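All remarks here apply to the structure that follows.
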Amino acid sequence: MIRLAQTVYDSEGFRLAADFEIARHSFSAVLGPSGAGKSTLLSLIAGFLPLTLGHVIIDGVETDGVPPAARPVSMIFQDHNAFAHLDSWTNVALGISPSLDLAENDRAAVDEALARVGLSALARKRPGEMSGGEVQRIALARALVRQKPILLLDEPFAALDPGLRQQMLALVNELHQERRLTTLMVTHEPKDARAVADQVIFIDGGEARPPAPTGRFFSGKQDKAVSRYLGT
Amino acid sequence: MATETATPAYRTATAFILIAVAAGLGPLLLFAITQGGRIGLDAYVWRVLSFTLLQASLSTVISVALALPTARALVRHRSRARPILLSILAVPQSLPAIVVVLMLVTLFGASGLMGGLLNLYGLAGILLAHVYFNMPLALRVFTQTLQGIPPENRRLAAQLGLHGWSLWRMVEWPALRPVIPRIAALIFLLCAGSFVVVLTLGGPAATTLEVAIYQSLRMDFDVARALTLSLLQVTLCAVLVALAGRSAWTEQLPRRRMDGDTYEAPGRAERIFNALCILMAALLVGGPLLALLVEGIRHISPGLLMLQALMTSTAIAALSTTLALALAWPIAWRQRRARGLTTVTPLLGLIVPPAVLAMGWFILVRGLDGGALLAAVLIVILNGLMALPFAVNIVAPAVASWSERQERLCAQLGLSGWPRFRIAEFPALRGPLAQAGLYAFSLSLGDLSAVTLLGSQGLVTLPSLLHAQMGHYRSDDAMGTGLLLAILCLGLGALANSKRLAS
Amino acid sequence: MKKLLATFACLAALAAPAAAQTTLTIYTYESFVSEWGPGPAIKANFEKVCACTVEWVAVTDGVAMLNRLKIEGTATKADIVLGLDTNITEEARELKLFAPHGADTSKLKVPGGWSDADFLPYDYGHFAVVYDTEKMPVPPKSLDELVNGDPAQKIILEDPRSSTPGLGFLLWMKAVYGDKTADAWKKLKPRILTTTPGWSEAYGLFTKGEAPMVFSYVTSPAYHIEADKTERYQAASFTEGHYLQIEVAGAIAASPELDLARSFLAFMLTPGFQDTIPTTNWMIPAAETAAPLPAAFGRLVTPSKTLLFTPTEVNTNRRAWIDEWLNAVGN
């Protein structure tokens with residue numbers, strides 16, 4: 001469970017406040033106008049930005065001052081998810097040991113993760129030789145080997161073709177189910193949210209609203225800000 | 001548009017450069033033929049060549065080796081002192097070589113504050129001066145490269161728990177590695193062609209090609225040997241210019257916001273190591289600077305001679321800047337369309353040693369009763385040619401990007417010639433033009449080589465005044481002159497790098 | 001109106017001599033025309049008798065002057081070249097730029113007598129290693145001791161390619177070591193702090209305290225005794241003997257002012273010139289002076305033996321010997 005307790009991030013005129021809980025094993029879509037602070041919310045949870053006020057408590061543990069690597073979180077970015085000079089196998093292996101100190105079963109785990117995301121054949125390719133979707137699969141495979149209970153997705157599929165994006169979403173959803181993850185996914189495609197998310201966190205006007213069930217969010221009975229955003 | 005013919009201005013500029021180079025090489029060749037002598041590699045030439053390569057290699061290796069950990073240390077620590085430190089590190093690049101030599105003599109000369117630490121005259125002194133110039137250059141490029149690492153990569157590294165050695169191996173080193181050969185080639189080129197530092201701190205045991213050319217002409221009058229040395233120098237520089245690549249002349253790396261690039265405080269051992277690196281850089285650059293400042297302020301007394309030298313230097317610098325810009329402008333426009341000769345001509349001033357050009361011109365005009373005025377004209381031309389590659393390198397990219405965006409609009413509106421320059425080109429490009437101009441001005445203001453090579457009695461520039469004061473051990477006067485020169489060049493450098501011009 | 005005319009007349013009278021006066025251009029080495037050198041006094045003394053203006057053109061040092069003449073050839077603006085020495089007169093003569101001096105040489109007092117028809121001597125002196133007694137209580141007693149001595153005790157030398165003392169030292173080495181000179185240079189090398197283009201720079205570095213020894217003249221301590229009232233700086237006496245320098249001047253044949261130039265050369269041997277030499281150039285005058293030499297000159301080292309190559313020997317070998325030096329001291 002992720003608890004955002006009167007969390008405020010304030011920097012150079014930009015402000016984001018949140019005060020709610022995200023249930024374990026939920027799949028939340030984070031929606032909102034661009035620049036509202038969707039990525040900021042994820043960065044606060046992952047520990048990339050310092051809180052101005054409040055707390056982020058994950059599974060009962062206060063995270064203030066805990067470095068990103070020590071948090072039970074894997075985050076996948078829109079871009080630059082893999083080191084360009086390393087092949088995909090090594091990129092995934094980094095998820096197990098930053099110094100690439102691997103035991104036999106670790107190697108097996110890397111192979112298995114690559115197989116799970118369908119990259120076995122491309123294990124020795126570097127990101128530069130792979131398509132955008134394939135590179136994001138590396139990031140997914142790495143998230144698998146890291147075995148962190150929380151998965152944060154910062155629009156990782158925005159640049160992909162619609163068909164490919166559906167595939168990737170399906171893959172993420174499978175992993176979410178299999179590993180019983182708590183997943184947050186920033187997207188600007190309501191369609192994606194409807195396809196995979198069971199709840200929606202809407203961000204607008206400097207505030208992240210508590211999660212609302214996906215069905216209700218898209219039911220048409222929302223306030224003005226949401227309908228302006230959805231164009232309904 | 002693909003086969004646009006060369007403009008008259010471009011033809012004139014190219015002709016001017018080629019004639020100037022021919023006027024330098026021609027008389028020397030003629031003299032070599034009539035005077036006899038053998039063009040060949042004797043033991044002395046080999047010795048000079050190997051010393052040139054040795055000192056340039058060592059200067060490069062030391063500069064890069066010191067800059068790498070220091071750049072990492074600078075980026076790893078978020079501190080209010082960082083911008084201040086970075087601007088101090090920009091100082092050496094704006095300082096004239098003769099001023100740096102003065103600062104080092106003040107600190108490390110036998111009677112200096114840190115006298116006896118090393119023998120300044122010879123390899124050690126030359127290396128110290130070259131590292132003083134080039135370590136900060138490498139450091140700035142490396143720092144910007146590290147700052148240019150995509151934030152996502154940094155975040156990813158933080159999430160994966162990469163730090164210390166693994167962070168270096170997985171993230172920082174791969175980013176730096178492609179930059180190193182270019183910056184190393186540039187530093188090597190600058191050190192191999194170094195004139196003033198070697199002239200003042202070297203000696204018969206420590207001579208580089210550039211200084212040996214000057215000496216074999218001015219001291220031995222051995223034109224054949226000078227030509228041999230020149231051919232070697234031209235070859236060496238041409239290879240290095242090709243290696244360093246055009247883009248390396250000026251730093252044009254993306255400037256990124258610095259916040260949020262480190263997520264975890266470095267460990268204690270690393271903190272100590274980083275602090276040592278930063279302290280070393282600050283002392284290396286700041287120490288001599290402070291010595292000059294403290295000593296100079298006590299002795300600055302603008303006498304008549306200094307005022308006269310200042311006026312002469314300003315006039316020469318203004319004219320050579322005008323020349324450099326007038327040559328750079330048409331070449332920059334031509335470079336959008338044409339390759340080959342267009343890219344080579346502006347570099348001739350960098351490839352053909354100034355000592356060779358100067359000596360040829362000197363022989364050519366020796367019959368004319370021109371005195372100081374003629375010498376000044378030749379210095380203007382030489383300084384203009386020396387600044388040209390840098391000016392072109394600043395102006396050309398701006399011209400290219402302007403042309404991409406606006407040229408079709410101009411064509412549609414029928415804007416051409418003077419109105420086009422006045423209405424469309426100049427307002428859009430005055431930033432880079434001013435930057436190039438300030439650069440050329442400061443280069444000429446601080447340049448000792450041209451006035452050493454071409455100077456005549458009665459022509460006193462600030463650097464030559466400083467050199468004479470140093471040569472006659474009037475240290476107090478030298479300090480004052482040095483400080484004035486340093487302040488002028490730093491001011492120009494700061495103006496050229498100011499945000500208003502860069503944007 | 002009358003007043004105005006008178007003013008103009010005055011102005012014209014003032015301007016006239018300046019315009020009518022010819023200029024005598026003399027190339028010389030830097031220290032000769034520095035404010036402490038003999039140049040200013042000699043200029044004033046000669047201008048009193050010549051109705052001309054003397055213009056000094058300073059060149060780093062004597063050998064550099066010869067190189068400048070080679071580059072300039074007949075286009076040179078010099079009427080007189082002052083400050084060559086006998087080591088390079090032969091090479092200078094080969095340029096075919098110089099006219100016979102036509103002066104009476106009978107009163108010359110230079111060691112070995114004088115018979116050169118083109119160049120006229122104005123002073124001479126033996127070279128010597130000058131040392132700082134405060135930093136070096138025991139100086140080397142021979143060139144060989146200098147060569148083999150403690151490398152921590154440095155010496156400042158001059159470049160033989162530009163400086164006549166520099167060339168003098170090179171010839172001294174050659175005179176003492178002959179075929180083994182290259183080895184001697186290699187041994188000496190660690191003792192050399194630096195090699196300066198001219199004597200002025202070297203001596204300046206020395207008095208500033210950068211090194212305990214400098215290559216200069218037997219007469220140099222006289223300056224410190226007379227001007228600074230100190231015996232701190234002394235010349236070391238070398239058992240192999242000391243190399244001699246005779247400084248000369250010559251007139252340029254192509255000069256439009258050849259007669260004036262010759263009259264300057266004649267003036268050079270009179271007290272108007274010679275009197276300035278001991279206490280400004282700190283050398284021994286080549287001809288009669290009005291007053292006896294300052295007392296300090298009596299307390300100088302007297303060389304046991306004079307070393308000197310003939311101009312022809314130097315001319316034949318200078319290039320080869322310089323290359324030998326370059327290769328020996330190079331890295």
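Lettering follows sequence order; numbering is per chain, from 1. Keep in mind that what you see is a predicted model, and the values were worked out from it rather than measured.
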Query raised in the report: Among side-chain atoms of S88(A) and N91(A), is any donor-acceptor pair under 3.5 angstrom?
Result: no
Requested in this report: Verify the distance criterion only: is there a donor paired with an acceptor across the side chains of H55(A) and Q6(A) at less than 3.5 Å?
Outcome: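 Side-chain D/A pair, H55(A) to Q6(A): absent.
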Requested in this report: Would you list the pairs meeting salt bridge (Lys or Arg N to Asp or Glu O under 4.0 Å) in which at least one residue belongs to residues 94-123 of chain A, sequence neighbours left out?
Outcome: R116(A)-E174(A), R116(A)-E178(A)
Query - Residue pairs passing the salt bridge (Lys or Arg N to Asp or Glu O under 4.0 Å) test where at least one lies in residues 13-34 of chain A, sequence neighbours excluded - result: D10(A)-R15(A), R24(A)-D59(A)
Examine whether an atom of [X] lies under 4.5 Å from a heavy atom of chain B, and if so say whether it belongs to the side chain, the backbone or both; otherwise answer neither.
X: S43(A); result: side chain
X: N81(A); result: backbone
X: L94(A); result: both

Query - Close contacts, residues 127-149 of chain A versus chain B, judged by heavy atoms under 4.5 Å - result: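 R142(A), R146(A), listed by number.
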Distance-only check: which donor-acceptor pairs under 3.5 Å involve side-chain atoms of residues 183-190 of chain B, not counting sequence neighbours?
none

**Report entry** Residue pair R165(A) / E189(A), side-chain heavy-atom distance below 4.5 Å
**Finding:** yes
Requested in this report: Report yes if the side chains of M185(A) and V30(A) come closer than 4.5 Å at any heavy-atom pair, otherwise no.
Outcome: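 M185(A) vs V30(A): side chains apart.
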